[in-house]
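Values in this document were obtained by computation on a predicted structure and should not be read as measured data. Sequence lines set the chain letters: A, B, ... in the order given, protein chains first and strands last, and positions in each chain run from 1.
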Amino acid sequence: MSEETTNSTVKLSIDGQEITVEAGTTVLEAARRIGIDIPALCYHPVLGGAGACRVCLVEVVAWGRRRMVTSCVYPAREGLEVYTNTEKVLRSRRAVIAMLLAKAPAAKVVQELAKKYGSTEPAYEPSDPEARCILCGQCVRTCNELIKVGAVNFAHRGQERKVGTPYNATSDVCLACGACQNLCPTGNIRIRDKRDLRAMLTWHTDVPWNKCSKCGQSYLPARLVEFLKQQCPVAAELVTICPRCRREGTAESFVQASVLADDE
Amino acid sequence: MSTVASEKLTGFADLDALRSSIQAQREKIETTVVLCGGPGCQAYGCKAVIEAFREALDDEGLEESVQLRVTGCHGFCERGPLVVIRPAGTFYQGVTAEDVPEIIQKTLKNNQLLDRLLYVNAQTSQKVQTEKEVDFYAYQQRIISGANEEIDPECIEDYLAVGGYSALAKALSQMKPDQIIEQITESGLRGRGGGGFLTGRKWQSCRNAQGQPKYVLCNGDEGDPGAFMDRTIMEGNPHSVLEGMCIGAYAIGSNQGYIYVRDEYPLAVENLGIAIQQARELGLLGENILGSGFDFDIRINRGAGAFVCGESTALMASIEGKIGDPRAKYIHTTDVGLFGKPSNLNNVETWANVPQIINRGPDWFSSLGTEHSKGTKVFSLVGKINNTGLVEVPMGIILRDIIFKIGGGIPNGKKFKAVQIGGPSGGCIPETLLDTPVDYEQLTDLGAMMGSGGLIVMDQDTCMVDIARYFMNFLCEESCGKCTPCREGTKIMLDILTRICQGQGTPEDMEQLETLGEDVQTASLCGLGTSAPNPVLSTLRYFRDEYEAHVKDKRCPAGVCRELISFSVTPEACTSCSLCVKACPVEAISGGTRKGKGKERTKVPAVIDQDKCIKCRACYEACKFNAVAVS
Amino acid sequence: MSSEQLSSVEEIDLAAARRIAAEHRAKGSSLVTVLQDVQTEYGYLSREVLEVVAEQMQVPLSQAYGLATFYTSFSLQPRGRYHISVCMGTACHVRGAANVLGKLERDLGIKAGQTTADLKHSLESVNCLGACAAGPIVVINGVQHGKVDSRKVNEILRELD
């Protein structure tokens, strides 16, 4: 492998280790690629970083200047030196984790970080001991940027900032797809699958199941089925069938096809 | 007042011809009454004065021979409403509607001065006739704000009469974009919004950036509490901003501009809107400006009440119709800004400087100021100061001169304590450092910053812990809430400061404030967060003894923090005038009256019922005999 | 539009909201601008109005709601006939703005951010109105009052009837 960098790649060093990555790669992603762990709560490989939680701060030296940057959004640059474990970095990381622990004391991921960075005792009185949400915004970005439905968003600002549905009331558009829960780092989003419906408890929204057009079994929230039909009209028929029937259907057609082949 | 009808100007010669004809017509006007309509004068009721002049001139049949000009802020807000009568330049202050008939009879018709409306210079105790002689203006250099008096903001002809749009014509007809950027860079002009980035360099980055279209933006979201410089420029001389933006757009290669104005400034929105419309009609904005082939137009966006939208990326998000969340600026907005396109954002005052530099040259500009801070700076001088108002001074002037020579010192013989500079991102500077010059770097070294230009003077009755708590509360309310340290850290700091103000603070609290302050500075996302601890850290640095008094002695030396003070009446000093009794909103004061008649008449001193007292200070402020004591 | 009409939510005519949003959409205006004009029309942003705007502008309701709650100049509640803003800027603060606000709160029987039950007064504190030289400043329906103290509050309130 050539050591030379091209226009589309850059070479940087992270804690003394050199690495060449594609231009546009963030420092966080570059570090993780060589096994250097930088904690990050508002980053997800699918969504990228938001620069919001601030636990991923690292020190960089660029153009002779040393400064703290947010690694989840800081682009890797040619000749960049990155330090992920300096005293300054650790102090700031501990400080942010202590603040998050006061905000969301029940969030497991925050508790674990606090333990790892040696700040298990809450430094500040939490306002709600049950709280889990750290306002990383991953649910908001998932719903708006990935699913493009926008059932939830940020509301209010500063201390009052919250994620939720408008008026914190039942949503008319939530698909109950559960993608937000998948990407939430703190386990704040609660979903309960009941007999007739999927309850998006955190979003105060119940969406009934769609029944399979073949076997009548519940398999996907009805709104999600409608959404998928619109998104992918060619597969409209496919999504009205439950996965089991779909598998059986596929198997059947295979069998038929092979019978036909044998006949020939 | 529109007097010269004109069609769209299609060439540079057309502009000169129009200007000449306006000037010729202006020369025929014998008398002009200039009325300040700035925010200070408005609060003092100048609208009634303006109406009175209109009616009286009409009644007297003088509406033809006397021109009435309502302008933007003249600066000396303390003495408003202000009236200047030209050509003599007679300066009347504190004018009321009742004074108007006499002004017309005596001064306008008979050239007599109205003694009572003249200003008395504080140091010499001499009455002066003209504005030029007023001490408040003597130490100023008003290259940006001075034109306000010449211009009715609703009248583009006034701006043309004083040479308006000649810089634009010069730029378009004689200069190449690179030359303009070079001159702006050479002039040393730095961002007046607070950051102090070199304007020419920013323009160059945006010009060099890949991507089209490019945008030029004007930051009129003057959010710093205690600052109103940009407001007076937008309201009083909107064309100077438009002209600056137009020149900048030509240099950068942009055809579309945006002005983002605070929602609290409806008059600025109105006047800018009128100015844009008039400039379009004359072909000074729009397609093919002055026949040069260059197109540029401007849209106005109103803010909606969010301090954070003064931050560049939040401002752009807000123009795009989103919530004002800032983003990291590792990729500069000059590369990826508004709508993802290269964007150049400058503050109102920065833009207003541009035509001056183009007209008078970079050498002239850089001859003003210090080595690294050039030109002038407009400040709003407010708080506990005799001459509140808008001042424009050359960079490098020391703070002491602004406060004592221009500002006339502290009212009521009280003692100066601190001057707050740079708004919520700035700091409080004590008496011992007042000889610091106005200079970006030197102010930053003190833990303050130039900021946009609010200078809030504080006297012995201001509690510095309360001020720190005030700013922290402000920032807590204004934090967008996106990043953890600014959202959570400011709240924790506010809680600590509130505890200290209530007398429940501990020495550890002071240490924690310092540690947390540093952490919030390091870890926050945008400028709001990274500078949020400044007011706390600077007061801890210069006024630590006040914190200690609150923490150790449970005492508020300035007599402000309610939980730590009580009010009482000194019987010997009380004249039983009953002013305090009337002022008390909760009927906590008894006595304070006179009993009996004639020789039998006796005074009953006022007494404050401590259980009922809500410590609102109303009695303290009402008492004219210093009989109400704070302890 | 009078406050009586504002108080009965069911009677709100949504045509204006629809028209304003459609006009702005054609012009390419931002959602913030639309909400500002719609609020000027109705005095506040009711849920029905917000829904209409979101639909017309083809954005999720959550986005419109997010904006309406982020920016302080938007109100989700009807405001009083007299909208009283007390400036809490630094210059006003050092000259006793907190006492002015306290006095108004006591006299009107509401806290900042609230409206009286008869929809006559609403009170809010604002972070600097930019008329610092004449502080403390109180603005009532756009009219500025300078150098306000407890006594002047009495005068101002008397004039409102």
Query raised in the report: Side chain, backbone, both or neither: which part of L129(C) has an atom under 4.5 Å from a heavy atom of chain B?
Result: both
**Report entry** Option in V139(C), T72(C), L31(C) with maximal non-hydrogen atom pairs under 4.5 Å from chain B
**Finding:** T72(C)
Query raised in the report: Which one of A227(B), A304(B), C41(B) has the most heavy-atom pairs closer than 4.5 Å to chain C?
Result: A304(B)
Report task. Kindly say whether N99(C) contributes a backbone atom to a donor-acceptor pair with the side chain of R617(B) at under 3.5 angstrom? Result -> no
Requested in this report: Pick whichever of Q420(B), E320(B), K322(B), E621(B) has the most heavy-atom pairs under 4.5 Å with chain C.
Outcome: K322(B)
Query raised in the report: For K582(B), does its backbone N or O pair with a side-chain atom of R151(C) as donor and acceptor, under 3.5 Å?
Result: no
Query raised in the report: Does any N or O in the side chain of Y470(B) come within less than 3.5 Å of the main-chain N or O of T90(C), such that one atom is a donor and the other an acceptor?
Result: yes
Query raised in the report: What residue in E222(B), R262(B), K615(B) has the most heavy-atom pairs under 4.5 Å with chain C?
Result: R262(B)
Query raised in the report: Among Q42(B), E477(B), M458(B), R299(B), which residue forms the greatest number of heavy-atom pairs with chain C at distances under 4.5 Å?
Result: R299(B)
**Report entry** chain C contact via R562(B) - which portion, at a heavy-atom distance below 4.5 Å
**Finding:** side chain
Query raised in the report: Under 4.5 Å between any side-chain heavy atoms of M88(C) and F474(B), yes or no?
Result: no
Query raised in the report: Between I323(B), L390(B), L381(B), T388(B), which has the largest tally of heavy atom pairs under 4.5 Å with chain C?
Result: I323(B)
Query - Interchain contact, R302(B) with chain C, by part (heavy-atom threshold 4.5 Å) - result: both
**Report entry** Option in A131(C), G142(C), C132(C) with maximal non-hydrogen atom pairs under 4.5 Å from chain B
**Finding:** C132(C)
Query raised in the report: Do V94(C) and I456(B) come close enough that some side-chain heavy atom pair is under 4.5 Å?
Result: yes
Query raised in the report: Is Y71(C) close to S318(B) at the side-chain level, that is, under 4.5 Å between some pair of heavy atoms?
Result: yes
Query raised in the report: H93(C) and side-chain hydrogen bond (donor to acceptor under 3.5 Å, both in side chains): which partner among D466(B), T462(B), N473(B)?
Result: D466(B)
Report task. Taking the side chain as every heavy atom from C-beta outward, state whether N127(C) and P225(B) have any pair of such atoms under 4.5 Å apart. Result -> no
Query raised in the report: Would you say the side-chain atoms of S150(C) pair up with the backbone N or O of A618(B), donor to acceptor, closer than 3.5 Å?
Result: no
